[in-house]
Amino acid sequence: TFEVLPAPTATPAPTSAPTRRPATATPAPPRPTAPPSTTYSAPELLWPEAETSRNFRSSLVVEFVPVAPQLAANEFYQMVLVSRDLVGNIHHAGSVLGNGGPCSGKYTQPCVSLTADERFMSNFHLDGVEGQGTWFVQVVRQTGPDQFTPISPPSESRIVILKPRS
C-alpha cells in the first residue's frame, strides 16, 4: 500500500528543496522458487556398499532399483561422481549417462546397473596419494544438445576410495 500525499498549495518558492514524508510501501515478499519438477522418485542404491574402493585402471559398476519399468527415449540414469584430494578440494567431477544394463548381483527386486569404465575413472585418481569420491544416481531428461535436467531427486550419496595412480 502507498500513502498518497495531498497536492502542495501555492507557496513562495523555497530556498531549499521541500521535504516530503516518504511514501510507505510494503515490499512484496520474495517469490519462492519452485523446486525442480520431479517425475520419478530417487533411485534406491543396491551396490556397492556405502563405502568401497577402486584401484587405478578399474571400473566402478553401480547397481540400483529402476524408477520405472522403462524410461522415455530422452530420459537417462546419470551417475555423478566427484573426487576430492586429501584436504577436500575438488579434484575432478563427471557423470555417466545410460539406460541401465543388467545387474551382476542377485536381488529380490528389479535391478539395473551403470558402469563408469576404466578410461572415465582414470581422471578421478590422484598421483601418488589416495583420494575420495562421492557418487549418486539420478534420472535426467535431455533438454537440448548436451543439456540434461534432473527429473528425480538424487539417490543417497556413497563413497568410493580412489587408490593412487602408480
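Residues take their numbers from the sequence shown, with the count starting at 1.
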Contacts of Arg84 meeting salt bridge (Lys or Arg N to Asp or Glu O under 4.0 Å) (sequence neighbours excluded), chain-then-number -> none
Just wondering, do Leu97 and Gln142 contact through their side chains at under 4.5 Å, heavy atoms? no
Do Phe120 and Tyr77 share a hydrophobic cluster, counting only Ile, Leu, Val, Met, Phe, Trp and Tyr and linking them when any side-chain heavy atoms are less than 4.5 Å apart? yes
Following the transitive rule for hydrophobic clusters with a side-chain heavy-atom cut-off under 4.5 Å over Ile, Leu, Val, Met, Phe, Trp and Tyr, establish whether Tyr40 and Val96 coincide in one cluster. yes
Shortest non-hydrogen pair, Pro153 vs Gln138, comes out as O-CB, 4.1 Å
Hey, what do you get for CG (Asn123) to OG (Ser83), rounding to the nearest 0.5 Å? 9.0 Å
Flag side-chain contact, heavy atom, 4.5 Å: Leu162 against His91: no
Okay, side chain of Ser152, backbone of Val139: is any donor-acceptor separation there less than 3.5 Å? yes
Kindly indicate whether the side chain of Ile90, heavy atoms from C-beta on, has any atom under 4.5 Å from the side chain of Val82. yes
Quick one, Trp135 and Leu45 - any side-chain contact, counting heavy atoms below 4.5 Å? yes
Holding to salt bridge (Lys or Arg N to Asp or Glu O under 4.0 Å), I want the full list of residues that pass it with Arg165, two or more places apart in sequence or in another chain. Asp127
What is the distance from atom CD1 of Ile161 to atom CD of Glu130, rounded to the nearest 0.5 Å? 5.5 Å
Are any of the side-chain nitrogens in Glu51 or Arg158 under 4.0 Å away from the carboxylate oxygens of its partner? no
Treating Ile, Leu, Val, Met, Phe, Trp and Tyr as nodes and any side-chain heavy-atom pair under 4.5 angstrom as an edge, say whether Leu126 and Met121 lie in one connected cluster. no
What residues form a side-chain contact (heavy atoms from CB on, under 4.5 Å) with Ser41, not counting sequence neighbours? none
Could you go through residues 56-73 and list every donor-acceptor pair under 3.5 Å that involves a side-chain atom there, pairing it with any protein atom two or more places apart or in another chain?
from, atom 1, to, atom 2, distance (Å)
Ser58, OG, Asn55, N, 3.3
Ser58, OG, Asn55, O, 2.5
Glu63, OE1, Tyr107, OH, 2.5
Glu63, OE2, Ser104, N, 2.7
Glu63, OE2, Ser104, OG, 3.1
Glu63, OE2, Gly105, N, 3.4

Roughly how far, to the nearest 0.5 Å, is the CZ atom of Arg141 from the OG1 atom of Thr143? 9.5 Å
Under 4.5 Å between side-chain heavy atoms, hopping through other hydrophobics if needed: is there a path connecting Phe76 to Ile151? no
Qualifying residues under salt bridge (Lys or Arg N to Asp or Glu O under 4.0 Å), relative to Glu44, sequence neighbours excluded: none
Does Leu114 belong to the same Ile/Leu/Val/Met/Phe/Trp/Tyr cluster as Val140, with side-chain heavy atoms less than 4.5 Å apart forming each link? no
Tell me which pairs pass disulfide (SG to SG under 2.5 Å) where either residue lies in residues 111-159, with sequence neighbours left out. Cys103-Cys111
Between the main-chain N or O of Lys163 and the side-chain N or O of His125, is there a donor-acceptor pair closer than 3.5 Å? yes
Is any side-chain heavy atom of Arg54 closer than 4.5 Å to one of Phe124? no
Do the side chain of Ser155 and the main chain of Phe136 share a donor and acceptor less than 3.5 angstrom apart? no
Over all atoms of both residues, closest heavy-atom pair of Pro48 and Thr52: CG-CG2, 3.7 Å
